[in-house]
*Asks:* 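Here you go, one structure.
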2 protein chains.
Amino acid sequence: MTPGTPEATDTRAAHETRETPEATDVRATREGTEAPEARETPRTPSRATRRRGRALVDAIHDAVLRETTENGVARLTMEGVARRAGTAKTSLYRRWSTPEDILMEALHGAYPQEEPSPGADDLRGDLVAALMLFHGLMEQEPLGPVMLSCVAEASYRPEFNERLWREVYEPRGGRFTATVLRYYADRGGVDPARVTPVTIDVGEAMMVKYTLDRLEPPSPAYVERIVDEVLLPALGRDPR
Amino acid sequence: MTPGTPEATDTRAAHETRETPEATDVRATREGTEAPEARETPRTPSRATRRRGRALVDAIHDAVLRETTENGVARLTMEGVARRAGTAKTSLYRRWSTPEDILMEALHGAYPQEEPSPGADDLRGDLVAALMLFHGLMEQEPLGPVMLSCVAEASYRPEFNERLWREVYEPRGGRFTATVLRYYADRGGVDPARVTPVTIDVGEAMMVKYTLDRLEPPSPAYVERIVDEVLLPALGRDPR
DNA sequence: ACTTTAAGATACGGCACCGTTGCTTAGAAA
DNA sequence: TTTCTAAGCAACGGTGCCGTATCTTAAAGT
C-alpha cells in the first residue's frame with residue numbers, strides 16, 4: 001500500500017496501489033500518464049456489477065452489431081467493440097481472435113429463422129407476405145444496416161462472402177419467395193416451368209436494389225407493386 | 001524483380017548526402033534508419049523519368065482504382081495510393097485532401113458514358129443490348145469491382161452515396177433499360193402504363209443481385225433469360 | 001467461509017497511417 | 001542557358017489499433 005498516492009478515481013486507485021516487484025520506478029512512470037479522455041466510440045462506463053457468461057456475450061454481440069452499422073465491417077476493431085461493450089479487450093481475445101468472428105456469431109444469433117408459410121389458395125397474398133418477411137429483416141435495427149454492410153464487404157472479399165453464406169444464410173433458412181413458388185408449383189397453382197433461378201430471385205433482387213439505392217427498405221405499397229408488376233407477370237399470372 | 005529491393009537505393013543516396021545547415025547531427029539520425037522493406041501494397045519503383053500533369057494524374061487515378069478493388073473503399077489511404085502509384089504523398093496532398101476525393105475523380109473519368117441507342121423495331125434485342133451495356137460495365141476491370149465496393153460503402157454512409165450519385169452516376173447518364181423503355185413507350189411498342197419505377201429497375205436489379213451473390217456478372221445467356229422471363233412479361237409482352 | 005474462475009483495468013512495444021515540413025531536382029518555359 | 005515550377009524524397013510528432021502480459025477483484029462454485 002504505497003502511501004501518499006493521489007486518491008484519483010476510486011476504482012483506478014485500487015490499481016495504482018498494486019504492488020509490483022520493482023514498484024518504485026514503475027510507479028514513477030505511471031504517475032506521469034494522463035487520463036486518456038474522450039475517444040471516438042461511445043465509452044460505456046464501467047458498471048458496478050460485473051457481467052459474465054451469456055450476459056456478457058450478449059452485450060458484446062450487441063456492441064459488434066452497432067459498431068458495424070456505424071462504421072461498417074471494414075472498420076471493425078477489437079478496441080472499438082470492447083469500448084462499445086464496456087468491457088476489456090482481454091475478454092474479447094479470450095473468446096475470439098478477430099472482430100469478424102464476433103460479427104459472424106452475432107449475426108448467426110440475430111438472424112431470424114422464420115420461413116414463409118404459404119396457405120389457403122392465395123398466391124398473391126403469400127408472395128407479398130414472403131417479401132414482407134424479407135422487408136422486416138432489412139428494416140429491423142440493427143440487423144438491416146449490418147446486412148447491407150456485409151453484402152458490401154462481401155462484394156470484394158470472397159472468403160467473407162463464403163463465410164456469410166456458410167455461417168449465416170444457410171443455417172438460417174432464409175428462403176423467401178422460393179418457398180412460396182415451390183409450394184404453388186407443386187400444387188398446380190403455378191406452372192413449374194416458370195419457377196426458374198430468375199423468377200425465384202426477382203422479388204428479393206428488387207428489394208435489395210431499392211434498399212441499396214435509397215438506403216431504406218421500400219414501403220409495403222411498393223412491395224405489392226413488385227408482386228403485381230413483375231412477379232405475377234413473370235409467373236404467367238399477369239393481373240391485367 | 002521486386003521493387004524496393006536494397007540495391008535500388010541509388011536515387012535515395014542522392015538525398016542522404018544532401019547538405020542541411022545542421023548537417024552533422026541530422027545525418028547521424030538518418031544513417032541509423034533502415035530501409036523500410038516490403039510493405040503491403042506493391043511499391044512501384046521510382047522511375048528514371050519524372051511524370052507531371054496529366055500523365056501523373058492518370059497514374060494516380062489508376063492506382064486509386066486498383067487499391068479500391070483490392071482493399072475496398074474503407075481501407076483507402078493516401079500512403080497506399082501513393083505507394084501504388086509510385087509517387088510521393090506530397091504530390092497527392094497537393095491536389096486532393098482525401099483518398100475519396102481521388103476516387104471520385106477517377107470514377108468520374110473511368111465511368112463509360114455510352115447510352116443504349118434503341119433502333120429498328122426490336123424491343124427484345126434492344127433490352128438485351130441495354131443490359132449488356134450494364135454488363136460490360138460490371139465486367140470491366142477495374143471498374144466493376146470498384147463499383148461494387150462503392151455500393152457497399154454507400155450502404156452505411158449516406159454522404160458517400162449522395163456523392164456517388166452526384167459526381168458519378170448522374171453526370172454520366174447511366175440510364176440503361178430506362179432509355180429503351182421510354183423509347184418504345186413513346187412509339188407505341190410498349191404500353192406506357194407499364195413503364196413504372198418497378199419495371200424500369202427490374203433489369204438492373206437482377207444484374208446487381210446476381211453479381212453481389214456470385215461475385216461475378218451473369219453470363220450473356222442469363223441476361224437473355226432476365227429479358228425473356230421477367231422484363232418482357234412485366235411489359236405485357238410475355239414471349240410464351 | 002474458502003477456493004476457483006473469469007472479467008476487468010492498465011501498460012507495453014510495434015506498426016501503419018496521418019498531415020506537414022524542408023529540401024533536392026527533373027522537366028518545361030523563358 | 002538560365003529560370004521557374006512541380007515532383008519527389010525523407011523525416012517528424014501524433015494517433016489508433018494490434019496482440020500480449022500482469023495483476024486485481026467480482027462472481028460463482030464448494
Side-chain angles (χ1 to χ4, degrees), chain A residues 8-23 26-27 29-33 35-37 39-41 43-57 59-60 71 75-83 85-99, chain B residues 9-23 26-27 29-37 39-41 44-53 55-57 59-60 71 75-83 85-99:
Chain A
T9 25
D10 314 85
T11 38
R12 185 139 28 123
H15 289 98
E16 297 277 3
T17 54
R18 90 202 195 199
E19 54 210 39
T20 40
E22 6 49 272
V26 174
R27 195 157 16 89
T29 321
R30 248 161 232 156
E31 284 174 344
T33 65
E37 240 37 283
R39 286 279 185 275
E40 269 208 37
T41 335
R43 146 125 250 151
T44 306
S46 33
R47 77 214 75 257
T49 92
R50 183 182 284 186
R51 299 158 302 185
R52 299 179 75 140
R54 276 221 64 75
L56 178 60
V57 171
I60 294 171
N71 306 324
R75 282 185 255 270
L76 275 183
T77 68
M78 284 302 220
E79 305 232 11
V81 175
R83 219 152 39 221
T87 188
K89 268 197 299 178
T90 331
S91 309
L92 300 189
Y93 280 109
R94 212 165 274 139
R95 290 177 216 258
W96 305 278
S97 35
T98 71
Chain B
T9 33
D10 311 279
T11 39
R12 189 141 23 125
H15 291 97
E16 298 275 3
T17 55
R18 91 205 194 196
E19 52 212 41
T20 41
E22 9 43 273
V26 173
R27 195 148 23 83
T29 319
R30 244 158 235 157
E31 283 173 347
T33 65
E34 293 294 336
E37 240 37 282
R39 286 281 184 274
E40 271 209 34
T41 335
T44 307
S46 32
R47 75 214 73 257
T49 91
R50 183 182 285 186
R51 300 158 300 184
R52 303 179 76 148
L56 177 60
V57 171
I60 294 172
N71 305 324
R75 282 185 255 271
L76 276 183
T77 67
M78 285 303 221
E79 304 233 9
V81 175
R83 216 150 44 219
T87 187
K89 269 197 296 179
T90 333
S91 309
L92 300 189
Y93 280 109
R94 212 166 273 139
R95 295 192 162 91
W96 306 276
S97 35
T98 72

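The chains referred to below are lettered A, B, ... by the order of the sequence lines, with proteins before strands, and numbering in each begins at 1.
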*Asks:* Tell me what A/Thr77 touches on the nucleic acid: a base, only sugar-phosphate, or nothing, going by heavy atoms under 4.0 Å.
*Replies:* sugar-phosphate
*Asks:* Whole angstrom is fine here: how far is it from CG in A/Leu76 over to P in D/dG19?
*Replies:* 13 Å
*Asks:* Tell me the interatomic distance from B/Leu92, atom CG, to C/dC17, atom P, rounded to whole angstroms.
*Replies:* 13 Å
*Asks:* Identify the two heavy atoms, one from A/Ala82 and one from A/Ala88, that lie closest to each other, and give their separation to 0.1 Å.
*Replies:* CB-C, 4.1 Å
*Asks:* Over all heavy atoms of both residues, which pair between B/Met78 and B/Tyr93 is shortest? Give the atoms and the distance, please.
*Replies:* CG-OH, 3.5 Å
*Asks:* Can you tell me the distance, in whole Å, between the NZ atom of A/Lys89 and the P atom of C/dA9?
*Replies:* 13 Å
*Asks:* Choosing from D/dA27, D/dT22, D/dG8, which nucleotide comes nearest the side chain of A/Thr90?
*Replies:* D/dT22
*Asks:* Could you give the OH-to-P distance, from A/Tyr93 to C/dA9, as a whole number of Å?
*Replies:* 17 Å
*Asks:* Can you check the B/Trp96 CH2 to C/dG19 C1' distance for me, whole Å?
*Replies:* 16 Å
*Asks:* Atom CZ of A/Arg75 to atom P of D/dC18: distance rounded to whole Å?
*Replies:* 14 Å
*Asks:* With sequence neighbours excluded, tell me which residues meet salt bridge (Lys or Arg N to Asp or Glu O under 4.0 Å) with B/Arg95.
*Replies:* none
*Asks:* Do you know which two heavy atoms are closest between B/Ala59 and B/Ala85, and how far apart they sit?
*Replies:* O-CB, 4.1 Å
*Asks:* Rounded off to whole Å, could you give me the CD-to-P distance for the A/Glu79 and C/dA16 pair?
*Replies:* 17 Å
*Asks:* Check nucleotides 3-7 of chain C against the protein and report each pair of N or O atoms closer than 3.5 Å, with its distance, or say if there are none.
*Replies:*
residue: C/dT5; atom: O2; partner: A/Arg52; partner atom: NH2; Å: 3.3
residue: C/dA6; atom: O4'; partner: A/Arg52; partner atom: NH2; Å: 2.4
residue: C/dA7; atom: OP1; partner: A/Gly53; partner atom: N; Å: 3.3
residue: C/dA7; atom: OP1; partner: A/Arg95; partner atom: NH2; Å: 2.4
residue: C/dA7; atom: OP2; partner: A/Arg95; partner atom: NH2; Å: 3.3
residue: C/dA7; atom: O3'; partner: A/Arg51; partner atom: O; Å: 3.2
residue: C/dA7; atom: N7; partner: A/Arg94; partner atom: NH1; Å: 3.2
residue: C/dA7; atom: N7; partner: A/Arg94; partner atom: NH2; Å: 3.3
residue: C/dA7; atom: N3; partner: A/Arg50; partner atom: NH1; Å: 2.9

*Asks:* So how far is it from B/Ile60 CD1 to B/Thr87 OG1, rounded to the nearest 0.5 Å?
*Replies:* 5.0 Å
*Asks:* How many whole angstroms separate atom CZ of A/Arg54 from atom P of D/dA28?
*Replies:* 15 Å
